[in-house]
> 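Structure in structure tokens, see below.
Quick note: numbers below take in every heavy atom, side chains included, and nothing from hydrogens, waters or symmetry partners. Positions are given from 1 along the sequence.
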Amino acid sequence: MTALKADIIITQARVFTSDEANPRAEAVAIKGNRIIYVGDNAGAEELSDGNTKIIDGQNRTLTPGFIDTHVHLLSGATWMGYAELGEAQNKADVGMILREFADKNPAPEWIIGWRIQYNVVSTRQELDEIISDRPVYVRASDAHTAWANTKALELAGILKAGNDGNIIRDENGFATGELLESAMKYVLDIIPPPSESFIRTQLKRATHEFNKAGITSVHNMNGDMHDLMIYAAAEDSGELNLRVYVPYEVKPEANEADLKEAIEMAKIQGDLVRGGAVKFFMDGVWESYTAFNIHPYADHPTIKVKPRFSLEHFTRMASACDRLGLQIAVHCCGDAAVRQTLDGYEAVQRSNGKRDSRHRIEHLEVCQPEDLTRFRELGVIASVQLSHAPLNLEESGVAQFRLGEKRWQYWQAWRDLKNAGAHLSLGSDWTVVSFDPMTHIHVALNRERLSPASTDQRLSLEECLIGYTRDAAYVEFKENEKGKIKAGYLADLVLFSHDLFEVKPEEIMSAKVVMTMIDGRIVFEE
């Protein structure tokens, strides 16, 4: 019998396997789309022949492919085709970027921008000064607030009319141009949708950028059957070099009959693209005063925020999802949102019985100490996005004023969650921030205490790598398929430019991805 020979062997590497039973190795062998060997160089060499591709790891770190458990890939890919405002520091910067975009794109009527920071522009008049003869719509970095010029508001029919409280109005009843949360839909609904070819082109572009960052899997945290079909078509055509898990978004107006689409999505289980989950939004964000909190906002204590779902409505819908075998993820930024969601999950377990559901809470930017242990008790995943935490007080933005110093110690409490036994998974929340894992790991390794009362919430490099690999795979029920460098597992791998464990924490971003492999195929190589 002819011995099995490898297609690819990576030797002389510092292999971080994320496998508890075999945490380190120096060589990996791949046949087809699977890993067939993890061990020393000599053992790997026995699996080579004249057809085997040998890759010299040069004593650099090799890890499992990174799994970003919270992105908005399809919408983000689409927005990549619009004016990028993330680096704009003032109105002059915004004007320069928007006018340049308008000059390069004379055909579309609308001028659209994205990733603008809060407090850079605040009124329609400021946007009118930049462009007034074409409708302008710019979205905040967190996608929970937007600003529109006068022409856009007139076209949407909301400049002078409309009782939606999320449309900010001046003393005369005119829309100021600032649109919060659900109010954004009035403008979004009249913007001509991008073509399918545009979306597919942008998706291919975004996927390549994700591969360059070492990301091999993502959880696309908002979607529907239409989105899933776009991903599936890209997979069928060979254009998709990324594994995509697509939850169905359950809107506040939804009822149990609306879950039919989520059920149909769950039937789609491709090699790269699949459904099987749902996503709820319990609240908004701190920056726009829409996070649902136990205590008032420190800088505006009269504001009262209601959750998007009442406890009764959420429990009823979550129970229905749970009975159907769907995994549930819930956006929660405020501590009241976290608590209400945990209360709902507890009620679901009482009514449906316990099962291996792996339901999730996303963001949990503030969590009260008495709720920390409930994650372990209820088996709820704490899905956190490392760059949502400030590196230090100077870089914390407006959120520090919304929270107030008394809540700083509960802000992004990763270490407290881990100490309480919570299962922590890591992600980015792109397009809110960069998807580059090294950016987020930098924050995790170097985050400073915000006050003397604050706990040191930093994570170790090993915890970050596991959170992006093994623990992330567990979240999507794929812990026996990926997330580890182990014989029999999918050959999703990332090779770095350095031995990560030899890099100083403050210099971790100097390490770059030099090769990314998905399904045994090299999809990025420097």
> Among side-chain atoms of N59 and D499, is any donor-acceptor pair under 3.5 angstrom?
no
> Does the gap between the ring centers of Y474 and H423 come in under 6.0 Å?
yes
> Apply ring pair (Phe, Tyr, Trp, His ring centres under 6.0 Å) to W110 and list each qualifying residue two or more places apart in sequence or on a separate chain.
none
> What I want to check is whether the side chains of D19 and Y489 have a donor and an acceptor closer together than 3.5 Å.
no
> Please, which pairs that meet ring-ring contact (aromatic ring centres under 6.0 Å, His included) have at least one residue in residues 188-214, sequence neighbours excluded?
F210-W430, F210-F435
> Output all residues satisfying side chain to side chain contact (heavy atoms under 4.5 Å, CB included) with M229, sequence neighbours left out; order by chain, then residue number.
M225, A232, I268
> Do the side-chain N and O atoms of K482 and S217 include a donor-acceptor pair separated by under 3.5 angstrom?
yes
> Does a side chain donor of either Q412 or H388 reach within less than 3.5 Å of an acceptor in the other side chain?
no
> Can you sort out the partners of H440 under ring pair (Phe, Tyr, Trp, His ring centres under 6.0 Å), two or more places apart, ordered by chain and number?
none
> Could you tell me if T52 and D49 have a donor-acceptor pair between their side chains, going purely by distance under 3.5 Å?
yes
> Between the side chains of S237 and R200, is a donor N or O closer than 3.5 angstrom to an acceptor N or O?
yes
> side-chain contact (heavy atoms from CB on, under 4.5 Å) with W114: which of T78, V138, T431?
T431
> Which residues satisfy the side chain to side chain donor-acceptor pair (under 3.5 Å) test with E287, sequence neighbours excluded?
none
> Y37: which residues meet the side chain to side chain donor-acceptor pair (under 3.5 Å) condition with it, sequence neighbours left out?
D40
> Does one side chain, of Y137 or N149, offer a donor that lies under 3.5 Å from an acceptor on the other?
no
> Is the closest side-chain donor-acceptor distance between D68 and S428 under 3.5 Å?
yes
> E481: which residues meet the side chain to side chain donor-acceptor pair (under 3.5 Å) condition with it, sequence neighbours left out?
R34
> Can you name the ring pair (Phe, Tyr, Trp, His ring centres under 6.0 Å) partners of F524, sequence neighbours left out?
none
> Filter on ring-ring contact (aromatic ring centres under 6.0 Å, His included), then keep only pairs touching residues 6-30, sequence neighbours left out; what's left?
F16-F501
> What ring-ring contact (aromatic ring centres under 6.0 Å, His included) pairs are there with at least one residue in residues 240-273, not counting sequence neighbours?
H219-Y245
> Here's a test for you: under salt bridge (Lys or Arg N to Asp or Glu O under 4.0 Å), which of R274, R243, R358 qualifies with E476?
R274
> Go through the side-chain N and O atoms of N241 and R521 and say whether any donor and acceptor fall under 3.5 Å apart.
yes
> What residues form a ring pair (Phe, Tyr, Trp, His ring centres under 6.0 Å) with H72, not counting sequence neighbours?
H70
> For S434, enumerate each residue passing the side chain to side chain donor-acceptor pair (under 3.5 Å) test, keeping only those at least two apart in sequence or located in another chain.
none
